[in-house]
**Q** 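Take this structure, written in C-alpha cells, and hold onto it; I'll ask about it next.
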Amino acid sequence: MDAYELITRNATEVVTEEEVRALAEDPEGKRVYVGYEPSGVLHIGHMLTATKLIDLQEAGFEVVVLLADVHAYLNDKGTFAEIRETAERMRDQFLAYGLDPDATEFVYGSSFQLDEEYVLDTHELEVSTTLNRAQRAMAEIQGGETAKVSHVVYPLMQALDIVYLDLDLAVGGLDQRKVHMLHREQVPGMDGESDHDYEARPCLHTPILADLDTGVGKMSSSSGTTISMEDSADDIDDKINGAFCPPTRDPEPDDDGNERENPVLEMFEYSVFPRFDTVVVERPEQYGGDLTYDDYASLADDLESGELHPADAKGALADYLNELIAPGREVLAELDAE
RNA sequence: CCGGGUUUAGCUCAGCCUGGUAGAGCAGCCGACUGUAGAUCGGCUUGCCCCCCGUUCAAAUCGGGGAACCCGGACCA
C-alpha cells in the first residue's frame, strides 16, 4: 500500500486530494491532529479517528492530539477542573489503544487558547464570520440544544487551532466537516496576530458509524448502544449480538424511508481490518468450521453470499473489538483503583 | 425592562376549564419465530405531574410566590 493509500484509506472525504497527495510525497515529520472534547471513557467513535491516526503515524506523520478542555467548557461539559481530570484519563486510553507514545503529542487547548494573540485572532474571526455560518458549522456537534454564544465561538476556535498547532493536516469525523470548511474559507483571509501560517490546511474525514441497533443515522455516545473502553468482554458480546445485521452491505431503508447501514460490517471495515492483517471467524464444525479473511471485501462478499452467517460474523467482531479494547479497559481499572 | 408561551414517562405530547393521587404514541425490556439482528406476533416496565406556600376531606388540576427555557416588544429621539 502506498503512502497516499494508507493516509486516505477508509476516509469518506479528502479535502482536497491534490493537497493530500502533496503531503503523501514526503509524509515524514508532517503534523496531523484530531481534537477531542475530554471524556472519561473512550467510545468507538474516538477509536475510529484514533485508528486513522495510527495509519498516519505508520506513514510517518507526527500526531497531535488536542485535549480540547476549553471547547468542552464552552460546550457546557462541566467545571474546568472536572474537564481537566477527564482529559488525563483520555490521554492514557489513547496510548493504550495503540497510538505510538514517541510520535504523539498531547496538547491541552488551554495551554495556548488563552494567549492574547489567540484571543485576538478569535475576535477577528468573530468579526468576519456571520452568526448563521458559525451556527451551521456547529449544528452537528451541538445536538438539539438551543444555541448559546459559546456555541458559535467554538468552531471559530477550532479553525484557529489548526493554525496555532502548526499542522499540515486536520482529521475529524464527518461531523467536523463544516468546521473544517469554515477554517479553509475564513483563515486565509485573516490579518492574524501571530507568526503562525494562516494558510488553509487539507482535511481528512472519517466515517460516522451507524446506530448499532437500527443501522439508521449515527451511533450516539449519549443515547442508544455504543461500544466503549469500559465494556467487559460480555458487554461487547451482548451489544454486538443485538446489532442490526442483515446479510448485505447495503440494507433497504426502514419503514419510514430512513437510509440504513450495516453497522457490523462498518466496524469490520473501519475498526478491525485496519488493525489486524487477518481475521479468523471461528465457526462450529456443523456450519463448516473456521473461516479466514485477509481483507474486508472478502468477508463482506461472504456475508452477502450466505457463506458467512451474520451470527458467526458477530462472534468474530466481538472478539476482535474486545482485543482492541482490553488494554484500555485495564488502564481504566488501574486509574479507578487509585 | 415589559409582555406572551412552555414545563407531565427516555422522547413528542394529551389530561387542567368542569379537583377524586396519570394517559397515548414512539422508545425500551422480556418471550415466540428466524442459526444474528431486523420485520411480525404476544407480554411487560417506567413518573419528586418544575419548586415552595396556601385552599380543600381530596390538588397535575384552584390561588399566591419563585425558577428554567422559548418567543416577541421596547430601549437606540
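Each chain gets a letter, A, B and so on, in the order the sequences are listed, and its residues count up from 1.
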**Q** Specify the separation, in whole Å, of atom CG of A/Leu308 and atom P of B/A37.
**A**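 Distance, rounded to whole Å: 15 Å.
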
**Q** Determine, for A/Arg133 against A/Glu185, whether the closest basic-nitrogen to carboxylate-oxygen distance falls under 4.0 angstrom.
**A**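 Yes, this pair counts.
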
**Q** Just one of A/Leu299, A/Val279, A/Val281 clears the side-chain contact (heavy atoms from CB on, under 4.5 Å) bar with A/Leu291, so which one?
**A**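 Filter result, single survivor: A/Val281.
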
**Q** Starting at CG of A/Asp254 and ending at P of B/A27, how long is that distance when rounded to a whole Å?
**A**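 Rounded to the whole Å, the gap is 10 Å.
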
**Q** Apply side chain to side chain contact (heavy atoms under 4.5 Å, CB included) to A/His309 and list each qualifying residue two or more places apart in sequence or on a separate chain.
**A**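 Side chain to side chain contact (heavy atoms under 4.5 Å, CB included) check on A/His309 returns A/Ala311, A/Asp312.
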
**Q** Name the pairs: protein N/O against N/O of nucleotides 38-41 of chain B, kept only if under 3.5 Å.
**A**
unit_1: B/G38; atom_1: O2'; unit_2: A/Arg260; atom_2: NH1; d: 3.4

**Q** Output all residues satisfying ring pair (Phe, Tyr, Trp, His ring centres under 6.0 Å) with A/Tyr33, sequence neighbours left out; order by chain, then residue number.
**A**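 Here no residue qualifies.
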
**Q** Counting side-chain heavy atoms from CB outward, which of B/G35, B/A37, B/U36 is closest to A/Pro246?
**A**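 My answer, after comparing the listed nucleotides, is B/A37.
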
**Q** Drop me the distance from A/Glu17's CD to A/Tyr4's OH, to the nearest 0.5 angstrom.
**A**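 It is 3.5 Å, given to the nearest 0.5 Å.
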
**Q** In what stems does RNA chain B take part, counting only runs of at least 3 consecutive Watson-Crick or G-U pairs whose two distances fall under 3.5 Å?
**A**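 Stem list for RNA chain B: B:1-7 with B:67-73, B:10-13 with B:23-26, B:28-32 with B:40-44, B:50-54 with B:62-66.
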
**Q** Select base, sugar-phosphate, or nothing to describe what A/Pro247 touches, counting heavy atoms under 4.0 Å on all strands.
**A**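 Base contact.
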
**Q** Rounding to a whole Å, what distance do you find between A/Asp238:CG and B/C30:C1'?
**A**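 The distance from CG of A/Asp238 to C1' of B/C30 comes to 14 Å, rounded to the nearest Å.
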
**Q** Pairs in or reaching into residues 96-116 of chain A: which pass ring-ring contact (aromatic ring centres under 6.0 Å, His included), with residues at least two apart or in two chains?
**A**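 Counting only pairs at least two positions apart or across chains, the ring-ring contact (aromatic ring centres under 6.0 Å, His included) contacts touching residues 96-116 of chain A are A/Phe112-A/Tyr118.
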
**Q** Could you list the residues that satisfy side chain to side chain contact (heavy atoms under 4.5 Å, CB included) with A/Gln186, not counting sequence neighbours?
**A**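 A/Gln186: side chain to side chain contact (heavy atoms under 4.5 Å, CB included) contacts with A/Leu125, A/Ser128, A/Thr129, A/Leu182.
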
**Q** Are A/Phe268 and A/Tyr320 near enough that their ring centres are under 6.0 Å apart?
**A**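 Here the rings of A/Tyr320 and A/Phe268 have centres that are no less than 6.0 Å from each other.
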
**Q** Roughly how many Å is it from CD in A/Glu266 to C1' in B/A37, rounded to a whole number?
**A**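 Taking atom C1' of B/A37 as the reference, CD of A/Glu266 is at 15 Å.
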
